[in-house]
Amino acid sequence: MNTDERDTKRLSVVARTRLAVALVVAGCLALVGLAVTGQAATPERLEFVQVGHWVYNDAAQSAFHVDGSTSRVDARADVPGAASGSQVVQGDDSGYVVERNRITEFDKATLSVEESTPPPAPETPFVMEIAGGPYLVYRNAGQIVRLGDPTATVPAGGPLSRPVATSDGTVWVHRVDNGSLCELPKGAAVLTCTAQLPPGHGGGLTLVGDRPVVLDMTGDSLHRVGPDGLGEALPLGIKLSPSAQVANSAAGDRLAIADPERNQLHLIDVSGLDQDRQSAKPISVELTKGSRFNGPLSSSNVVAMVDETRGEVLTYDATGKLKSTAKVPSQGTAPRLAKGEDNRIYVDSADGSHVLVVNGEDGSVVDVDVDKAASSQTAGAPSAEPDPSGEQAPPQKPQQGQPAPPNTQKAIPPVAKATPPGAPKKVSATAGDGSVKVSWSPASDNGARITGYRVTWPGGSTRVGGSSRGTTISGLTNGTAYVVSVVAENSAGLGVSASAKAVTPGPANRPAGAPVVTANATSGGKVSVSWTQPDLRGGTLVHYLVSATGQGQRTLSATSTEFTGITGTATVSVRAVTKFGSGSALTGATGSRKVTVPVRSDPPTITISNVRVGTTGLIVSVNADGKGAPATCQAKFGDALSASKTCSGATSLNINNVIYGGAITVTATVKTTGGTGTDSWTGVPSAGGGAPGGSLLWLGPIAMVGVRRRKEKELL
């Protein structure tokens, strides 16, 4: 194949997975045409919209590209050996299959695997397809990985909530441990923190008008985030629970916030953030009780959520009207939501067998059967384009006396020369006592019969016949990890190798190690539990045994669950049950975690015990009772306020810059998560604090100016 043919093939494949958008500078249509045809240099800041969505199909061990505009599968890249439920994220030239313990890159033009790299943390990251990316955000580990050029791993310094990104490629993150709000501009390698939520306030980031906004879930308000910190608060008009989740962006003038504890989806009017007018009342939509939800996720006009309990995707418009409900064909873990750069929302089934494409304008849903496409499409090949009528026109016979029409049928091309085989598929390894059993599915022969498979590992190799689908490697060292690779061979040479995950041989019938357990509790008595797969010691996982204090034991194949009705302090325990061949089941070591359910707080109370004159104003003495929750207090006289102050029991509050005359009324307020308490006092303040009793008037700015001028005249 000459250079022109290779370039043509590359362009034809890239055209299926990429679509250029117009220049950001208006009036440059002619320049865009020149740039596309290659007759002018591409201007700076010409960005491309990543068309469609990639998904990893477990059965085919391949990544498939779904064109959202046509709802068709139009490209396939074989990436064998990836874990079930792997995510796929794309950049300009490459795609990446992202596992908990490996990131595998493939070329979007050749659809061939390039290389694999380890991630910075063994967790499932939040993926972002944006300009300068893609990015992987490891929220628990506080690490941001940029796979685009230049590649970088940026430490955030602490755990993160869900990030957002503006159209210029700036990533915004929120540190959940200290409330910092930080930005990572396109191409940068260091975070810059420009704002911070108040201590103890929970929050989440979103976008309104392509600008970052933070939801203060403790203060029930929204704030713009800018170089000068937080903007003015926009009250939500509703009370949120701590587990509320804000959408990635606004849909029209409404921002979606899901509150699963109260089974509600709220749509907040955010036009008041940028306009000097009162916001419209929130719209609240009731969600199915008892269901577990993923989302919300927004496009320009649509909000999507996944009911994980029922296996359904729900779409709403900005007024809260339900636009569609569609089942997600899936087995195993819950479906996954993703936002495409093409203003569509994609819902992946757990095994990658189906992708539901949500239209970002009207909320309609189309189911794309990836399994069906996989059965008829080979790696790198476009899907077949059938005749819409399903019929072929019969050949036309020439009429008598007329010459036969010319033969327009294309000549059958010559048989292509054989090339080395493709990579073996579904390579897996199982550890035994001093041995490893490896198996695989056939590789593509690429025009010549496969004559054998070479199996290699650190310290050795072997060769088996071309019809073999597995072998056992003996004489290995127990306790040592081995990575086994398999490569096919034909008359054209050796193909591309594929590797199984590392396995460690050891004596049979060893119970599994202890899982690492994470547990989080809410004041409603709900405890969310997740755990990592432990060292199976060469065995095959059967299931997990999960228990919580007072809740009995559950048998699960997933790595997460929830308990309800928990009170006080409880211990959650997880054990892995494994088998070796046809032997009996073995119960592994216990991983556990203690968790304390926070106690709901009653409304606080406050009592004013005394009001006296201080050196700069009034001193208000109060007794505050937060009912077990942290409390803040504030006193008020007229339009004058004391500073908000943490309070418990006897507390003094200072109202500065006031004088008095006769009886006055002072109010005091205490606030906690349980509510608000108030008290008022009327009378004449007692003398004290270095100032005598006298008349009391609140001095506003005009009064202070009068005093200043009088003093200036006395000096003259």
Side-chain angles (χ1 to χ4, degrees), residues 14 17-26 28 32 35 41-54 68 87-96 98 103 105 108 119-120 125-139 142-156 160-175 180-195 204-214 224-227 247-250 297-300 338-346 360:
V14 172
T17 57
R18 177 180 307 170
L19 177 66
V21 296
L23 282 171
V24 296
V25 181
C28 293
V32 173
T42 303
E44 292 185 5
R45 300 191 61 79
L46 175 62
E47 303 290 356
F48 293 91
V49 171
Q50 302 290 353
V51 176
H53 174 72
W54 287 87
Q87 301 179 90
V88 186
V89 61
Q90 65 176 327
D92 287 342
D93 302 313
S94 297
Y96 304 85
V98 181
I103 303 168
E105 179 182 2
K108 286 170 60 177
F126 183 87
V127 302
M128 307 178 76
E129 293 178 351
I130 60 172
Y135 288 83
L136 308 178
V137 180
Y138 293 82
R139 295 168 54 184
Q143 298 283 338
I144 305 170
V145 175
R146 181 173 56 241
L147 300 174
D149 187 19
T151 59
T153 299
V154 181
L160 305 170
S161 64
R162 190 175 69 177
V164 296
T166 53
S167 59
D168 64 357
T170 300
V171 177
W172 286 86
V173 296
H174 163 232
R175 283 267 303 270
S180 295
L181 303 166
C182 312
E183 63 175 323
L184 181 66
K186 179 182 176 182
V190 178
L191 283 171
T192 301
C193 300
T194 62
L205 281 166
T206 184
L207 298 176
V208 176
D210 199 36
R211 293 169 57 196
V213 170
V214 65
R224 284 286 187 194
V225 181
N248 56 304
S249 62
L297 194 65
S298 296
S299 65
S300 58
K339 172 70 184 303
E341 280 195 287
D342 55 3
N343 196 38
R344 294 180 177 87
I345 297 171
Y346 296 88

(request) Taking the side chain as every heavy atom from C-beta outward, state whether Leu181 and Pro212 have any pair of such atoms under 4.5 Å apart. (result) no

(message) Nearest 0.5 Å, please: how far is OG in Ser167 from CZ in Arg211?
(response) 12.5 Å

(message) I'd like to know if the side chain of Thr206 and the backbone of Val213 have a donor-acceptor N/O pair within less than 3.5 Å.
(response) no

(message) If I compare all heavy atoms of Leu205 with all of Val164, which pair ends up nearest, and what's the gap?
(response) O-CG1, 3.6 Å

(message) Within the structure provided, determine whether Tyr135 and Val154 are in side-chain contact (heavy-atom separation under 4.5 Å).
(response) no

(request) Look only at the side chain of Arg175 and the backbone of Ala156, and say whether a donor-acceptor pair between them is shorter than 3.5 Å. (result) yes

(message) Any heavy-atom pair between the side chains of Val208 and Arg224 that's under 4.5 Å?
(response) yes

(message) Can you confirm whether Pro119 sits close enough to Val145 that some side-chain heavy atom of one is under 4.5 Å from a side-chain heavy atom of the other?
(response) no

(request) Using atom types as modelled and distance alone, determine if a side-chain donor or acceptor of Gln87 lies under 3.5 Å from a backbone N or O of Pro125. (result) yes

(request) Take Trp172 and Thr194 through the side-chain contact (heavy atoms from CB on, under 4.5 Å) test and state the conclusion after the steps. (result) CA-CA 10 Å; Trp172 286 86; Thr194 62; 3.8 Å; yes

(request) Identify the two heavy atoms, one from Leu191 and one from Pro155, that lie closest to each other, and give their separation to 0.1 Å. (result) CD1-O, 3.9 Å

(message) Check whether Glu129 reaches the backbone of Gln90 with its side chain - one donor and one acceptor, N or O, closer than 3.5 Å.
(response) yes

(request) Over all heavy atoms of both residues, which pair between Pro120 and Gln143 is shortest? Give the atoms and the distance, please. (result) CG-CB, 4.1 Å

(message) Looking at Ser298 and Ser249, would you say the former's side chain and the latter's main chain have a donor-acceptor pair under 3.5 Å?
(response) yes

(request) Show your working on side-chain contact (heavy atoms from CB on, under 4.5 Å) between Asp93 and Lys108 and close with a plain yes or no. (result) CA-CA 6 Å; Asp93 302 313; Lys108 286 170 60 177; 5.9 Å; no

(request) Could you tell me which non-hydrogen atom of Val173 sits nearest to which non-hydrogen atom of Pro163, and how far apart they are? (result) CG1-CB, 3.9 Å

(request) May I ask you to test the Val171-Met128 pair for a side-chain heavy-atom distance under 4.5 Å? (result) yes

(message) Looking at Gly52, is its backbone amide N or carbonyl O close enough to the side chain of Asp342 to form a donor-acceptor pair, meaning the two atoms are under 3.5 Å apart?
(response) yes

(request) Identify the heavy atoms of Gly169 and Ile130 that sit nearest to each other, and give their distance. (result) O-CD1, 3.9 Å

(request) For Val137 and Arg162, run side-chain contact (heavy atoms from CB on, under 4.5 Å): C-alpha distance rounded to whole Å, both residues' side-chain angles, the deciding distance at 0.1 Å, then the answer. (result) CA-CA 9 Å; Val137 180; Arg162 190 175 69 177; over 6 Å; no

(message) Minimum heavy-atom separation for Ala338 and His53, please, with both atom names.
(response) CB-CE1, 3.9 Å

(message) Just so I know, are the side chains of Ser299 and Lys339 near enough to count as touching, which here means a heavy-atom distance under 4.5 Å?
(response) yes

